[in-house]
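What follows is a set of notes on a single structure, which appears directly below.
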Amino acid sequence: MRITPSYRFLQIISVETRGILISQAVNNIPGFSYEVIKTCPVTGARAGILTTPHSVIETPVFMPVGTQGTVKSMSQEELQDIDARIILGNTYHLYLRPGPKLVAEAGGLHGFIGWDRSILTDSGGFQVFSLSDLRKLTKDGVSFKSHIDGSTHHFTPESVIEIEHDLGADIIMPLDECIPYPADRDYAAKSCRVTEKWAARSKEAHEKIAGGRSVLFGICQGSVYPDLREKVVERMVEMDFWGYSIGGLAVGEAKDEMFDMVKVSTEVLPKEKPRYLMGVGFPDDIVEAVTRGVDMFDCVMPTRNARNGTVFTYDGKAVLKNAHQARRFEPIDPDCECPVCKKYTRAYIRHLFQAGEILAPRLATMHSIYFYLDMMRRMRQSILDGNFPEWREEFLNRFRGRQND
RNA sequence: GUGGCUGUAGCUCAGCUGGUUAGAGCGCUAGGUUGUGGCCCUGGAGGCCGUGGGUUCAAAUCCCAUCAGCCACC
């Protein structure tokens, strides 16, 4: 029998799963567990293992974004071959099309899209506030107009949990309010209270509806006000979620501000639970957030930028569309082990972009996702080896030092 | 051969009752992109206005000639 990469992966799972069965009781939901294996004593960076019924996820982890049930341009086999352990889906998009009931009939997202590893669904809170035309807070939720056909819809914390349950993800996010930046303090504070109330209702609905099939995170907001962030985190922790998300960042604030907000949040969050920084970010941003104790990330950066002709490497970003790539008959990164770098040249991929060929975004996306996953693996290994501070400095110097053009 | 139409940026074309520095879309080129609308945004380069002559203070624009392409007729 031919041993496929996915088969090899299954063998790894069974070994690792045995090792962490003991800790599952702590987290209280069968099939799900999270355990911190090692913490960097200097920075607070953590290496851990997050387990769902669908896969073992080594943290810190990057989760490729698959908004509409697909990581754009990639097949599920390809994602599996580069060893992605968990991908994202989006409630807003999948609710509007094809609809949660259809997905449920298909056996949930796992069955529908043919992905047997973990899935995390975002609540759609971000999209409702960033994408839909008209949105109005009501006393029980939010009304909005579809960006597809203009039809009116209504989300409540309860209905979103129900939709996400139909979608069948392993890890789910509650409906939250995402406010724009900049936001004045009063508005931010008021919004936080809305998100907190919704979080409490989401938790109650989740306990009633989900039946232990998924775990729910609490999303912490607070704009760029440290005291607000701290208070919100405290209250979310009191509600006792399975994990915690840090939301509302990377929306235009200065990077220092963003990292300060991450720090005040992770300092208050319980050490034994996973932390997820939503929507971040550039490779160096992720390293900085891991430094401050974050475990999980998602971002459109590697996929969207790839479609626009920019990929990431350890030497910074490389703009494949640039004219000077035309005769560079060499891989994107000669040291990269990804399927693209093993076979194709920058010159060829640039040609594909110039010609508008569908293979161009596919190859660029595959490389950049591989890079993000590989970067996370190396970072995790350095935490386990006890040399994360050195690894971090070397990575940042090299990545920020020059553009790989 | 005769009559008509058209020649303006790499491409498709605006501008043509004469009046700042000749424009647009696409393409090219360079930036941007942080819980994704394969999107979008922002810069830049690029024109002897087919060619030659004339009228005029002033011509892509009006006149003459000429060249090229297309159409119709012979």
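Naming: A, B, ... by sequence-line order, numbering from 1 per chain. For clarity, every value in this text was computed on a predicted model and none was experimentally measured.
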Candidates B:rA30, B:rG37, B:rG38 - which lies nearest the side chain of A:Asn322: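 That would be B:rA30.
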
Quickly work out the [X] [atom1] to [N] [atom2] distance and round it to whole Å.
X        : N      : atom1 : atom2 : value
A:Asp298 : B:rU34 : CG    : P     : 12 Å
A:Leu94  : B:rG35 : CG    : P     : 16 Å
A:His93  : B:rG37 : NE2   : P     : 4 Å

A:Phe282 and A:Phe312 aromatic ring geometry - parallel, tilted or perpendicular at 30°/60° bounds: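 Judged by the thresholds at 30° and 60°, the geometry between A:Phe312 and A:Phe282 is perpendicular.
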
Touch class at under 4.0 angstrom, heavy-atom based, for A:Ser245 against every strand present: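 The answer is nothing, as A:Ser245 stays clear of every strand by at least 4.0 Å.
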
Touch class at under 4.0 angstrom, heavy-atom based, for A:Gln221 against every strand present: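 Base, at least one base atom sits under 4.0 Å.
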
Earlier contact from the 5' end, RNA chain B, for A:Ala323 and A:Gly125: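 Mapping each residue to its closest nucleotide by heavy atoms, the 5'-most match is A:Ala323.
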
B:rA60 to B:rU17 separation - P atoms, rounded to the nearest Å: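 B:rA60 and B:rU17 have their P atoms separated by 14 Å.
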
Watson-Crick/G-U partner (both atom distances under 3.5 Å) of B:rC39: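 With both distances under 3.5 Å required, B:rC39 matches none.
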
Gap between atom OG of A:Ser382 and atom CZ of A:Arg392 - 0.5 Å precision: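 With rounding to 0.5 Å, CZ (A:Arg392) is 11.0 Å from OG (A:Ser382).
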
Side-chain N or O of A:Arg304 closer than 4.0 Å to phosphate OP1/OP2 of B:rU34: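 Yes, A:Arg304 has a side-chain N/O under 4.0 Å of OP1/OP2 on B:rU34.
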
Option among A:His351, A:His324, A:Glu330, A:Gln325 that satisfies the side chain to side chain donor-acceptor pair (under 3.5 Å) test with A:Arg346: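 Testing A:Arg346 for a side chain to side chain donor-acceptor pair (under 3.5 Å) against A:His351, A:His324, A:Glu330, A:Gln325 leaves exactly one candidate, A:Gln325.
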
